[in-house]
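Accompanying notes for the structure given below.
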Amino acid sequence: MTRILLVSGSGGVGKTTVAATTGLAASRRGLRTLVLSFDSTRDLSASFGLEVPVLPGASGLPVRLNDHLHLQELDVPSELQRRWSEGRGEVAALLGGGLEDVTAEEVALTPGLDALLALLVLGDYLRARTYEFIIIDGPGTGDALRFVGGADAVSWYARRSRAPEQSARRARPSRTNPDVLHGASDKLMDVGALLRDPTVTTLRLVTTHDSRAEQATRRACTAFSLQGIALDGIVLNRLVPAGTDEVLERHPAVENLQRLVGPIPVTGIELQAGEVVGEGTLESFSTLLYRGEDPSRLMVIHSAHGIGKDAVDVYRLEVKLPFVSKEEVTLSRREAELVIQVGAFRRNLLLPRMVAPLATVGASMDGDKLVVEFKKERV
């Protein structure tokens with residue numbers, strides 16, 4: 001099974017450096033590795049000291065760095081051309097259908113399209129088992145959240161298109177072949193399931209030490225946990241040592257953040273004297289970041305959510321929601337869907353088949369976990 005690592009953080013904190021370093025370190029261990037970026041700034045190639053013009057045009061195809069490492073910077077227009085099929089392909093179906101008279105170029109600026117295409121590309125590689133380790137480097141936290149939530153959004157749309165004719169409000173593609181839509185939806189649902197499997201996919205969050213970092217870390221931990229993504233480490237980048245002989249593990253910023261996130265390992269990285277560009281400096285950065293350990297390892301294995309059975313027709317759903325109080329959570333139910341709202345973050349969770357017919361009978365916060373109870377109604 002391919003191992004997936006999401007690297008995320010606010011803009012400018014060094015997440016692309018961490019993604020590039022991780023890819024290089026994994027390739028040195030002989031793992032077939034891909035670093036996939038859907039950031040239009042081309043920072044990934046710049047991290048390796050590559051000039052964008054030397055890449056093969058605007059193809060957006062993988063570029064070989066060594067025998068075990070490829071980089072791919074998603075090029076939206078090129079990827080659309082490969083998947084458009086004159087408005088009858090899977091991308092058109094996922095965008096709503098009825099687009100036979102629209103060109104791929106006209107759709108290229110659709111908001112969120114880069115995340116959708118990245119999901120489709122990732123799905124292709126997972127099915128082909130092309131790589132053993134795939135690192136996802138997105139433009140920022142918000143885009144990473146849209147990426148991991150994209151499969152759910154598509155499955156919601158596809159379920160509505162399959163719904164009975166009883167609802168006038170249901171979404172339906174106007175001229176799209178339903179088989180194309182449902183086939184693409186099923187592929188993305190498979191990807192979504194792997195993204196939420198903590199033995200396959202984890203998140204490494206990159207941040208810096210400033211006045212806003214703690215709040216941003218809290219929000220990111222909450223948002224990714226709500227989406228079912230397991231956090232396995234935090235990189236606190238660009239630290240300025242408080243003393244000449246200080247060990248970074250005992251840096252006050254590292255200790256404070258470690259207390260905040262509990263068992264999640266926090267790695268402090270000292271502010272580098274120069275830019276981390278090119279394989280040589282990435283190798284040195286890797287020594288600081290992983291200290292000889294396998295960069296693809298699961299640092300922490302835990303699930304961000306799960307279903308448990310307490311008795312016959314009695315189930316509970318547990319969703320890890322760090323830094324959240326009961327008053328901040330709003331729940332609503334619509335048939336097989338449970339909608340969880342935490343501030344500005346929302347998730348439509350499709351309940352498993354054995355839970356969907358049951359009534360929601362209670363909800364509570366148990367530490368940093370939301371516990372929702374389901375039970376069969378007695379008549």
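Side-chain atoms are counted along with the backbone in the values below, which use heavy atoms only and exclude waters and symmetry mates.
Considering only residues two or more places apart in sequence or on other chains, Glu255 meets the salt bridge (Lys or Arg N to Asp or Glu O under 4.0 Å) condition with none of them. When the salt bridge (Lys or Arg N to Asp or Glu O under 4.0 Å) test is applied to Arg353, no partner is found at least two apart in sequence or on another chain. Scanning for salt bridge (Lys or Arg N to Asp or Glu O under 4.0 Å) contacts around Asp313 gives an empty result, with sequence neighbours left out.
There is a side-chain donor-acceptor pair under 3.5 Å between Ser296 and Asp294. A side-chain donor-acceptor contact under 3.5 Å links Asn348 and Arg346. When only modelled atom types and interatomic distance are considered, Glu328 and Ser325 share a side-chain donor-acceptor pair under 3.5 Å. No donor-acceptor contact under 3.5 angstrom links the side chains of Thr208 and Arg238, judged on distance only. If you check the side chains of Tyr290 and Thr22, you find a donor sitting under 3.5 Å from an acceptor. Of the N and O atoms on the side chains of Thr2 and Glu132, not one donor lies less than 3.5 Å from an acceptor on the other residue. Side-chain atoms of Thr16 and Asp137 form a donor-acceptor pair, as typed in the model, at a separation below 3.5 Å.
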Audit row: Thr202, Arg3, side chain to side chain donor-acceptor pair (under 3.5 Å) steps and yes/no:
CA-CA 9 Å; Thr202 57; Arg3 167 85 166 94; 2.9 Å; yes
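Taking hydrophobic clusters as Ile, Leu, Val, Met, Phe, Trp and Tyr residues chained together by side-chain heavy-atom distances below 4.5 Å, Val206 shares a cluster with Leu288. The hydrophobic clustering, which links ILVMFWY residues whose side-chain heavy atoms are closer than 4.5 Å, places Leu239 and Val261 together. Follow the hydrophobic side-chain contacts under 4.5 Å out from Met354 and you reach Leu358 in the same cluster.
When all heavy atoms of Leu74 and Ala118 are compared, the closest pair comes out as CD2-N, 3.8 Å. Taking both residues in full, the closest heavy atoms of Asp197 and Thr199 are given as OD1-OG1, 2.7 Å, listed atom of the first, atom of the second, then distance. Pairing each heavy atom of Asp232 with each of Met299, the nearest pair is O-CB, 3.1 Å.
In this structure, the side chain of Asp143 does not engage the main chain of Pro139 through any donor-acceptor pair within 3.5 Å. Of the possible polar contacts, one joining the Gln258 side chain to the Ile264 backbone as a donor-acceptor pair under 3.5 Å is found. Of the possible polar contacts, none joining the Lys376 side chain to the Val312 backbone as a donor-acceptor pair under 3.5 Å is found. Formation of a donor-acceptor pair under 3.5 Å by the Ser78 side chain with backbone atoms of Asp75 is not found in this model. Between the Thr287 side chain and the Glu283 main chain, a donor and an acceptor come within less than 3.5 Å of each other.
Shown here is Arg212, whose CZ atom has no more than 12 heavy atoms of other residues, nucleotides or ligands within 6.0 Å.
Looking at Leu236 and Ile269, their side chains never come closer than 4.5 Å, going by heavy atoms from C-beta outward. Side-chain contact check for Lys369 versus Met365: every heavy-atom pair is 4.5 Å or farther apart. Val266 is not listed as a side-chain neighbour of Val235, based on a closest heavy-atom distance of 4.5 Å or more. Side chains of Pro77 and Gln81 form no contact here, defined as non-hydrogen atoms less than 4.5 Å apart. In this structure, Pro62 and Tyr131 have side chains that are in contact, with non-hydrogen atoms separated by less than 4.5 Å. Side-chain contact between Phe133 and Ile4 is absent, with no heavy atoms from C-beta onward closer than 4.5 Å. Counting heavy atoms from C-beta on, the side chains of Glu73 and Ser45 come closer than 4.5 Å. Under the 4.5 Å side-chain criterion, counting only non-hydrogen atoms from C-beta, Gln227 is in contact with Leu145.
Taking the charged nitrogens against the carboxylate oxygens, Glu373 and Lys375 have no contact shorter than 4.0 Å, which rules out a salt bridge. A salt bridge does not link Glu214 with Arg219: every distance from a Lys NZ or Arg NE/NH1/NH2 to an Asp or Glu carboxylate oxygen is 4.0 Å or more.
In this structure, Arg218 is positioned above the aromatic face of Phe323, its NZ or CZ under 6.0 Å from the six-membered ring centre and within 45° of the axis.
For Tyr315 and Phe374, the ring centers sit 6.0 Å or farther from each other.
Distance OG1/Thr217 to CG/Leu257: 5.5 Å, rounded to 0.5 Å.
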